[in-house]
Amino acid sequence: MSAAPHPRELLLIGGGGEMTLSVDVAVQALEQARARGLRTHVTNRADTLAATPAVTAAADTATAVDFARPGDTADWAVGRAADGERPALVFGVREMAQEAVAATAHALELPGNPPAAVCRIRTKDACRAALAAAGFRQPAVRVCRDASEARAFLAATAGPWVVKPRDGADSAGVRKVTGPDDLPAALAQLPDREAPFLVEEFVDGGEFSVEGVFVGGSPRVLAVTAKEKLPPPYFVEIGHVLPADLPEETCRSVEETVTAALTALELRFGLFHVELWLTAEGIVLGEVHVRIGGGWIHRMLPHVRPGLELYGTVYDDALGLPVDLPARLPAPERAAAARYFAPPEGRVTAVSGWDAVRTHPAVLHAELRVGPGDVVPGFRSGGDRVGAVVVGAATPAEARELARELVASVRFTVEPMEPVDAVDTGEDVPEVRVDLEPRPLTSSFRISHMTIETVDHLRLRLLQGGRTVGEGEITADSGYGQDGPAIAAEAEALARTLAASRDDAHHGADGADPVAPLRAALEKAAADGVGAPARMLVEMAFLDRAARRAGVPVWRLLGLPEPGRVRLLHTVPIGEDIPLDGRPLKIKLGGADDEQILRSLLGVPAPLILDANRGWDRQDWERLRPLLAELAPAVLEDPVRDPALLPAIRAALPGTAVVLDEGIATAGDAAFAVGTAGGLNVKLMRFGGILPALDALTDATEKGAARMLGCFLEPPRAIAYAAQLAGLCDWSDLDGHFWVSDDRPVPSYGLDSDAPGIPRIAYTPEPARGEAAAI
């Protein structure tokens with residue numbers, strides 16, 4: 001009697017990692033194989049097999065084989081096949097196992113990607129070189145072996161830049177640098193400080209990824225995903241929205257670019273996840289992966305495309321079974337979003353709101369891995385995540401807002417691991433309270449590379465006896481990489497540390513400088529990686545408190561000239577009518593109609609400030625130069641992407657002040673702007689508050705540079721706070737609150753300079769010519 005034939009087998013190389021998400025992916029892959037009658041065999045490192053019992057339980061058998069040695073894995077599989085244990089299919093769901101998957105499939109002559117192609121995309125600089133050679137836009141990149149090589153690359157290219165491992169995952173060790181002074185801290189974050197690393201040009205644009213599957217060797221796009229990340233210097237993803245809310249034409253262009261790139265890279269099997277940026281220049285491709293994306297995308301895709309089985313589709317195609325996926329799929333009819341928790345660092349003492357979140361009817365998946373007594377690490381890579389919420393909704397906007405609201409509704413009470421000594425009197429130790437509220441704009445705001453509809457409103461209060469003694473207020477917009485919940489978490493942790501410190505309790509005592517301890521603490525926070533918006537929010541509250549204690553407004557506390565009346569530019573977003581009321585006009589450019597807009601401005605008597613948001617390349621500048629020379633604008637802001645063009649622009653427009661705005665966030669950036677353009681636009685949300693911005697403006701003043709004071713879309717209190725510096729600037733572009741509040745736009749406003757703390761905006765009438773402003 002002959003033995004029964006073995007059922008066909010799936011060999012899952014690399015199993016799942018120890019993170020919950022990785023386990024969930026591996027278990028789904030095994031379950032969809034079992035549903036097709038496949039026997040399953042998992043390989044992984046011995047310690048990981050032991051740490052992931054859910055994966056081994058979902059498989060029929062498991063063997064300890066180290067996937068970090070692709071050749072050894074392939075040899076083991078060939079030897080096993082010689083003994084009659086030949087799989088029908090080789091697959092892997094983990095990034096680090098893909099080379100072993102390709103090598104094993106090739107050795108067994110089974111469907112798979114060419115090993116050389118997988119090796120190329122796993123080596124980030126090699127992938128960039130291959131894509132650039134095939135004609136796709138890529139940032140300049142260099143493999144560096146030490147700090148001196150990195151500094152040489154910085155000197156030869158336009159910044160900012162990104163330092164990252166040559167081979168890595170989960171954004172570990174990825175950090176933005178704006179100049180040589182930032183390099184030591186960035187290099188210290190690399191996982192392996194002895195290994196070569198990459199330095200590449202920072203790409204300024206919205207981040208997206210494309211998810212798909214190969215069918216018959218050809219890529220099929222399943223969805224485009226919008227990414228949300230923590231603000232630099234780190235690049236950790238905080239959320240995803242699927243599908244991305246993009247125009248159909250943009251989606252088509254993205255899909256065509258990605259499928260062409262995958263073909264050029266000679267990839268043909270399994271799943272794919274391709275990262276990219278949408279910039280003013282067009283699509284810039286990022287990293288390419290032959291596995292499903294992280295961030296719970298594997299849960300989101302089947303929701304937006306009901307009936308889809310990601311791994312089952314791969315198995316069916318490899319086994320010659322029919323797969324019903326057209327070359328171009330219709331747009332999904334519903335949406336999903338994922339959001340990660342980002343509580344402040346320290347030991348958790350209490351969590352509230354979690355039960356309501358995990359039982360919400362729209363939640364597809366929710367997990368929280370910390371509770372009272374657990375320690376929350378810093379959020380520096382994907383491995384630091386402590387939980388997530390995944391939701392389904394009718395539209396991308398609804399999914400995104402629901403995920404954000406649910407995550408924000410979970411409140412963490414955290415105590416610092418090493419709390420500083422507090423003074424004995426409770427009167428000097430204020431309570432810290434941070435509130436976050438999504439807030440729609442009063443009208444859409446469009447610039448060259450995005451349209452803004454909603455911002456997160458954040459308020460930080462210092463309370464004593466239930467009374468507010470210091471207050472900060474900002475708004476955060478994800479389009480600029482400003483993540484509201486993450487900023488709130490950072491600001492709350494920093495504020496609690498400052499509130500408990502003995503230095504803060506003694507601010508102003510016995511004639512001591514009331515600002516110096518705060519400045520030192522904020523400089524340390526910046527060096528520790530706390531983002532600029534969080535530092536600004538904390539600085540506002542504590543400077544407000546210090547000024548109230550001293551009984552003076554903030555400008556007087558800092559020894560600044562009185563702001564007086566703040567006369568505004570009239571900002572005109574792309575697509576809006578241009579008013580002709582005589583006040584200075586700030587015209588947003590960087591779109592397809594720039595030439596037409598500029599022609600319409602000929603003869604306008606008002607001073608012109610033109611802001612292209614780096615939307616022009618050399619060809620655009622040459623085409624528009626005659627019109628710009630005829631217009632002779634008072635200010636030209638961020639005209640071009642390539643700073644090498646700035647000397648020629650300054651020479652062609654001798655009466656125009658050229659200022660840089662985008663990316664100007666540190667003293668080094670400010671010095672670069674002054675040296676190359678002759679001017680800068682200072683925004684407190686980028687610098688981290690008044691104190692670092694004041695240093696940049698003081699240096700610019702000493703060098704005779706043009707100085708503009710700008711803002712994002714911010715609440716009136718944040719605008720009034722920035723206006724403390726108006727007396728040091730040539731131009732004030734501080735009208736961002738008109739899109740956030742119900743305040744009626746006016747040509748100018750005053751400040752209540754008699755009240756202690758942060759003054760309020762006073763909307764008094766414009767004085768007649770020759771009269772003093774009534775403030």
Side-chain angles (χ1 to χ4, degrees), residues 230-231 342-350 376 378-379 408 411-423 426-437 456-476 482-508 514-549 554 557 684-685 687-692 715 717-718 721 757-758:
L230 291 177
E345 297 180 43
R347 189 179 303 279
V348 178
T349 59
V376 176
F379 204 171
R411 304 289 297 179
F412 297 87
T413 303
V414 177
E415 62 181 10
M417 288 298 294
E418 298 179 1
V420 293
D421 292 336
V423 295
E427 181 183 30
D428 285 321
V429 184
E431 175 191 354
V432 175
R433 184 172 300 171
V434 180
D435 299 302
L436 182 150
E437 175 193 4
D456 279 340
H457 178 263
L458 292 91
R459 183 185 183 202
L460 189 155
R461 288 179 292 163
L462 304 176
L463 303 171
Q464 286 180 342
R467 181 172 59 89
T468 298
V469 296
E471 184 176 359
E473 189 177 19
I474 64 172
T475 54
Q482 299 162 354
D483 185 276
I487 293 170
E490 279 193 307
E492 185 169 2
L494 176 58
R496 289 184 186 279
T497 299
L498 289 178
S501 72
R502 187 174 298 277
D503 282 342
D504 177 72
H506 290 158
H507 270 186
V515 178
L518 177 62
R519 181 192 293 272
L522 291 170
E523 287 176 350
K524 181 181 184 302
D528 290 342
V530 177
R535 287 185 278 117
M536 174 182 170
L537 184 58
V538 171
E539 184 201 74
M540 282 181 70
F542 280 87
L543 274 185
D544 184 35
R545 180 191 183 206
R548 293 190 196 192
R549 283 178 167 180
V554 168
L557 179 76
L684 267 58
M685 282 277 283
F687 275 81
I690 281 181
L691 299 177
R717 187 172 184 81
Y721 187 63
I758 299 172

Specify the closest pair of heavy atoms between [X] and [Y], including all atoms of both residues, with the distance to one decimal.
X	Y	answer
Val434	Ala488	CG1-CB, 3.8 Å
Gly688	Glu539	O-OE2, 4.1 Å
Pro344	Val414	O-CG1, 3.8 Å
Glu490	Ala534	CB-CB, 3.7 Å
Asp483	Ala486	OD1-N, 2.9 Å

A side-chain contact here means heavy atoms from C-beta on lying under 4.5 Å apart; do [X] and [Y] qualify?
X	Y	result
Leu522	Val530	no
Asp435	Arg461	yes
Arg717	Asp544	yes
Val376	Phe412	no

Would you find a donor on one side and an acceptor on the other, under 3.5 Å apart, between the side chain of Thr413 and the backbone of Thr349?
no
Nearest 0.5 Å, what's the [atom1]-[atom2] distance between [X] and [Y]?
X	Y	atom1	atom2	answer
Met536	Leu458	CE	CG	11.0 Å
Ile487	Asp456	CD1	CG	8.0 Å
Arg519	Ile690	CZ	CD1	11.0 Å
Leu498	Phe542	CG	CZ	4.5 Å
Leu537	Glu492	CG	CD	10.5 Å

Given the rule in the side-chain contact (heavy atoms from CB on, under 4.5 Å) test, do Thr468 and Arg433 qualify, once you have shown the distances and angles that lead to the verdict?
CA-CA 10 Å; Thr468 298; Arg433 184 172 300 171; over 6 Å; no
Please step through side-chain contact (heavy atoms from CB on, under 4.5 Å) for the pair Leu460 and Met540, ending with a clear verdict.
CA-CA 9 Å; Leu460 189 155; Met540 282 181 70; over 6 Å; no
Listing, residues 469-476 side-chain donor-acceptor contacts under 3.5 Å, not counting sequence neighbours, or none:
residue : atom : partner : partner atom : Å
Glu471  : OE2  : Arg459  : NE           : 2.6
Glu471  : OE2  : Arg459  : NH2          : 3.2
Glu473  : OE2  : His457  : NE2          : 2.5
Thr475  : OG1  : Leu713  : O            : 2.3

Audit row: Leu462, Val432, side-chain contact (heavy atoms from CB on, under 4.5 Å) steps and yes/no:
CA-CA 5 Å; Leu462 304 176; Val432 175; 4.0 Å; yes
